There are 2 protein chains.
Amino acid sequence: MSKIENKILTDLVYEKLKVMIDDGVLIPGQKINKLELSQMLGVSQTPLNDALSRLAGEKFLEQRSRQGYFVRAFSDEELVALFEMRGALEGMAIRLCCENATADQIEELSDCFEGFIFPLNDKSYMEYVHADKTFHEKLIRYSGNPILWELSRTSGYMIKSNMKGLTRPPEETYPEHMAMIQALKDHDGDKAQQLMIQHHLRSRNVFRSKLKKKEPNIR
Amino acid sequence: MSKIENKILTDLVYEKLKVMIDDGVLIPGQKINKLELSQMLGVSQTPLNDALSRLAGEKFLEQRSRQGYFVRAFSDEELVALFEMRGALEGMAIRLCCENATADQIEELSDCFEGFIFPLNDKSYMEYVHADKTFHEKLIRYSGNPILWELSRTSGYMIKSNMKGLTRPPEETYPEHMAMIQALKDHDGDKAQQLMIQHHLRSRNVFRSKLKKKEPNIR
DNA sequence: TAAATGTTTTTTGTATACAATATCTATTGA
DNA sequence: TCAATAGATATTGTATACAAAAAACATTTA
């Protein structure tokens, strides 16, 4: 039997704000006007403050002394760092999946990318975006590591790096995903981890090359 | 010229609480009495609340609806997960060090474990504990990844897993550290990452074997 | 015009009050 | 003696008020 929900206002505000960030109602870099926002949500400033602090702890927001809260924006340099982090975490996740995931779960992961025929049309492109997201999410869930799972749901880092669309075209990433799925089926943790790390480092390189083009002008 | 500090009360409370958790004044599992604590610190409940929320976001505390805040305690299962996470993150850190760290920085990393002669006496054992901590910390700093660096300073996961003493004896970990340092000097990122992951997974196994001994009784 | 100064407005950060809820304690009945 | 209930106490969660600081605006001066 499911528990009766008896949530606290703070939690409701917290969840609402997270959705607002996810939906782009609150834009990266934007200043949060506490008074305005609390009136908009129909709550006092106290539960809003609590929610804002928590979101700052989770890196969705940034607090600047005496200036208030701002929606966290990631520089190109930080985006590079973000993909390195994801490579690390998801690399470990897929390794653990090789050890812990059931046959059914591996089947499910494999099914994510079933039936794509290239070149993709607009509809199947959208489906690929979705497949990509669920694949990486399920990997974490089936890794059996509760900390990774918690991080993926509550860390602004993980969620924000997942938000923007694809960084590389499906033609490029599809074979990489296939190779990972093969490694999963072979229960080859070392191989799978290597592949996942490479997968994310290649995405990182997209941002890093952007960065390098800028730098010379600054010097 | 250094800026004049004009910190907010919330931040001071936040930092104080972090020290209190680190020093064991606040014990894992313990309930936080807000009224008592606010009086102890000589502040009102508002800045305390903000600090508590932030610390919950960073996973130092846990908030249970209508019961308040508790110092976060990690089960054996979560400790296993924690070391898997550290393996992932520090594995990436050492890989990046192979790419980005300067010769001086690699020298500095190597120096951490200079001059240990086995068997260690009480004094040199303590020095080894310290060396271990600084080695892993510097790796993250010299990786050039600002997100990893931020995480290592503000994530309850990272800090808490670092708090307890050594999980394995120096005799066992010393050669592992030496191998990593060699890989660093060779700028062999793949190798270094592999070694680091194995290093932490072995520590994980210490907790995992504890877990397995318990399980059969539950069934 | 543009920079510097002074004034007003807005917004933050903090304290405090209070109602709702949980926890503890005492009492009753089996 | 123990469990169940009712009452008292403590603690949380929320609203509100207000001082201090920042931001915006207007005014003066070069």
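Per chain, numbering begins at 1; letters A, B, ... match sequence-line order. All values reported here derive from a predicted model rather than from experimental measurement.
- Nucleic acid contact for A:K31: sugar-phosphate only, since backbone atoms but no base atoms lie under 4.0 Å from a heavy atom of the residue.
- The CG atom of A:N33 sits 18 Å away from the P atom of C:dT9 (whole-angstrom rounding).
- Residue A:K34 places no side-chain N or O under 4.0 Å from the OP1 or OP2 atom of C:dT10.
- Comparing D:dT12, C:dT14, D:dA15 against the side chain of B:T10 picks out C:dT14 as the nearest.
- Going from atom CG of B:L48 over to atom C1' of C:dG13 covers 14 Å, rounded to whole Å.
- Just one residue in the list A:L35, A:L17, A:I32 forms a side-chain contact (heavy atoms from CB on, under 4.5 Å) with A:L48, and that residue is A:L17.
- Contact annotation for B:N6: backbone-only contact, meaning every heavy-atom pair under 4.0 Å involves sugar-phosphate atoms and none involves a base.
- Looking at heavy-atom distances under 4.0 Å, B:D50 makes no contact with the nucleic acid at all.
- Put simply, CG on A:N49 is 13 Å from C1' on D:dG13, counting in whole angstrom units.
- A straight line from CD of B:Q63 to C1' of D:dT14 spans 13 Å, rounded to a whole angstrom.
- Here D:dA15 is the nucleotide among C:dG13, D:dA15, C:dT23 with the atom lying nearest to any side-chain atom of A:S44.
- In this entry the distance linking CZ of B:R64 with C1' of C:dT23 reads 14 Å, nearest Å.
- With rounding to whole Å, B:Q45 atom CD is found 11 Å from C:dA17 atom P.
- Here the side chain of B:T46 is nearest to one of C:dT14, D:dA21, D:dA15, namely C:dT14.
- The pair B:K138-B:D111 does not count as a salt bridge, with every side-chain nitrogen at least 4.0 angstrom from each carboxylate oxygen.
- Salt-bridge formation is detected for the pair A:R72/A:E78: a Lys NZ or Arg NE/NH1/NH2 atom is positioned less than 4.0 Å from an Asp or Glu carboxylate oxygen.
- A salt bridge links B:K59 to A:E58: at least one charged side-chain nitrogen sits closer than 4.0 Å to a carboxylate oxygen.
- Ion pairing between a basic and an acidic side chain is recognised when a charged N comes within 4.0 Å of a carboxylate O; B:R202 and B:E172 show no such pairing.
- Residue contacts shown for B:I32 are limited to sugar-phosphate atoms, with no base heavy atom under 4.0 Å away.
- The interatomic distance linking A:L9 (CG) with D:dG13 (P) rounds to 11 Å, in whole Å.
- Rounded to whole angstrom, the span from the CD atom of B:Q39 across to the P atom of D:dA10 amounts to 13 Å.
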